[in-house]
There are 2 protein chains.
Amino acid sequence: MARIRNRKNETRKEVITAAAARLFREKGFSATGMRDLALEVGVEAASLYNHIRSKAELLQDICFRTANLFTSQLNELETDASLDALQKTESVLRHHIRMWVKCPDLMLVMNNEHKNLEEPYLSTFMNERRLYVRRLEAIMDEGVKHGVVRPIETYTAVLSLLNVVRGIEFWHRTKKNISAETLEENMVKLFIEGLRKA
Amino acid sequence: MARIRNRKNETRKEVITAAAARLFREKGFSATGMRDLALEVGVEAASLYNHIRSKAELLQDICFRTANLFTSQLNELETDASLDALQKTESVLRHHIRMWVKCPDLMLVMNNEHKNLEEPYLSTFMNERRLYVRRLEAIMDEGVKHGVVRPIETYTAVLSLLNVVRGIEFWHRTKKNISAETLEENMVKLFIEGLRKA
DNA sequence: CCTACCGATCGGTAGG
DNA sequence: CCTACCGATCGGTAGG
């Protein structure tokens, strides 16, 4: 029994989740009503429940599926022996930049609204995030040890990397006259040059 | 008629506002109920209204009073002829770091919850923020022109500066074994070295 | 996918 | 600062 798909080949549930991400971003999870969401999708509120289990489930989907896009990139990267630690760091940074450029709704909801997750999802999410940070730290530590990264407190550097890219939200709003590619190159240069051992 | 103050010399309204900032940070503005706030302060919900006008007013206070701490620092800095543009940038960065270290609740609520402001406050806030960004851009542009800042797209650099420091939220949670001073020096070095003309 | 509706909770007020 | 309470709105369900 094939699911009904729209022109963009999305199932009804995917349409609802994308609309939810947009609204959760704009108004916040808690301030977004199921009636707002229904209006956005073009049905009555009660009809949403034929496709989703609850409002909470929408947030879980958004947070965990987005987080997985980062974990899986890191999985591939860690096993790549052709890159040194600074190159790996740059690759992670570029992945973050591209995600912020491509799907700011998902990134903002994951970053700002995950606190609305219910247990046990909240704890799982926080643990996954902590682990991700530690893995990045390990890469940078290796870079310092091998002399490609300036001797710096790598914990601070990881926190900085994860957050510099949040400026892209602002860039999205104003668009400016600068392309996504230029933005990426500028951010990479700024950050990686701050990191590179002279 | 002197207002009643507690041991920390805070008026009742100040106590309520500080508690509100903590809750708005933890749960978000919309998910925080006046009954939650009342519980935190130790009174009944109805009693809060002897000190504040509305829930919305609490958010306005937090957002605008915090924003003003940045505008006034910038006002002083701009008229200081003894500093070059890179030194001014460093001074702004240090101010941001110290604010995130000192009052993370205010910083997080201002940054994540200002979207819940009602008009005309929302527009006023967004305009003030846009202006602040432009003033920082002007400082960095001057730095590029005078050859103290690496020739980079300064808009990107400003967005980066405003956001690198958000990592401090994470630092607060874990504490690690690194002091606020070390954190500040690390962040400043990382960012300013990325900016400085070689 | 809709109409009709539920119990719970929301921000806030009246009156003392 | 409290008790008592209001209308509105919330997420979600029943039944078709």
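The structure displayed is predicted, hence computed values, not measured ones. Labels below follow one simple rule: chain letters A, B, ... track the order of the sequence lines, proteins then strands, and each chain is numbered from 1.
Arg12(B) has a side-chain polar atom (N or O) that falls below the 4.0 Å cut-off from OP1 or OP2 of dC1(D).
Side-chain contact annotation: Thr174(B) with Tyr155(A), donor-acceptor N/O pair under 3.5 Å present. Under the 3.5 Å distance criterion, with hydrogens and angles disregarded, a donor-acceptor pair is assigned to the side chains of Glu119(B) and Ser123(B). For the residue pair Asp61(B) and Thr17(B), no side-chain donor N or O sits within less than 3.5 Å of a side-chain acceptor on the partner. Using modelled atom types and a 3.5 Å distance limit, the side chains of Asn111(B) and Arg166(A) yield no donor-acceptor pair. Side-chain N/O atoms of Gln73(B) and Ser91(B) include a donor and acceptor closer than 3.5 Å.
Glu118(A) places its CD atom 13 Å from the C1' atom of dG12(D), with the value rounded to the nearest Å. At whole-Å resolution of the value, CE in Met34(B) and P in dC1(D) are 14 Å apart. Summarising the geometry, the separation between NZ on Lys55(B) and P on dT13(C) is reported as 14 Å, rounded to the nearest angstrom.
Proximity of residues 35-52 of chain A to DNA chain D (heavy atom under 4.0 angstrom from any strand atom) is restricted to Arg35(A), Ala46(A), Tyr49(A).
There is no path of hydrophobic side-chain contacts, each under 4.5 Å, that joins Leu161(A) to Leu131(A).
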What dot-bracket string describes DNA chain C from 5' to 3', counting Watson-Crick and G-U wobble pairs whose defining distances are under 3.5 Å, with [ ] for crossing pairs and | for pairs to another strand? ||||||||||||||||
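Every residue two or more places apart in sequence or in another chain was checked for a side-chain hydrogen bond (donor to acceptor under 3.5 Å, both in side chains) with Glu142(A), and none qualifies.
Using cut-offs of 30° and 60° on the angle between ring planes, the pair Tyr132(A) and Phe70(A) is perpendicular.
The residue Ser30(A) sits apart from the nucleic acid: no heavy atom pair falls under 4.0 Å.
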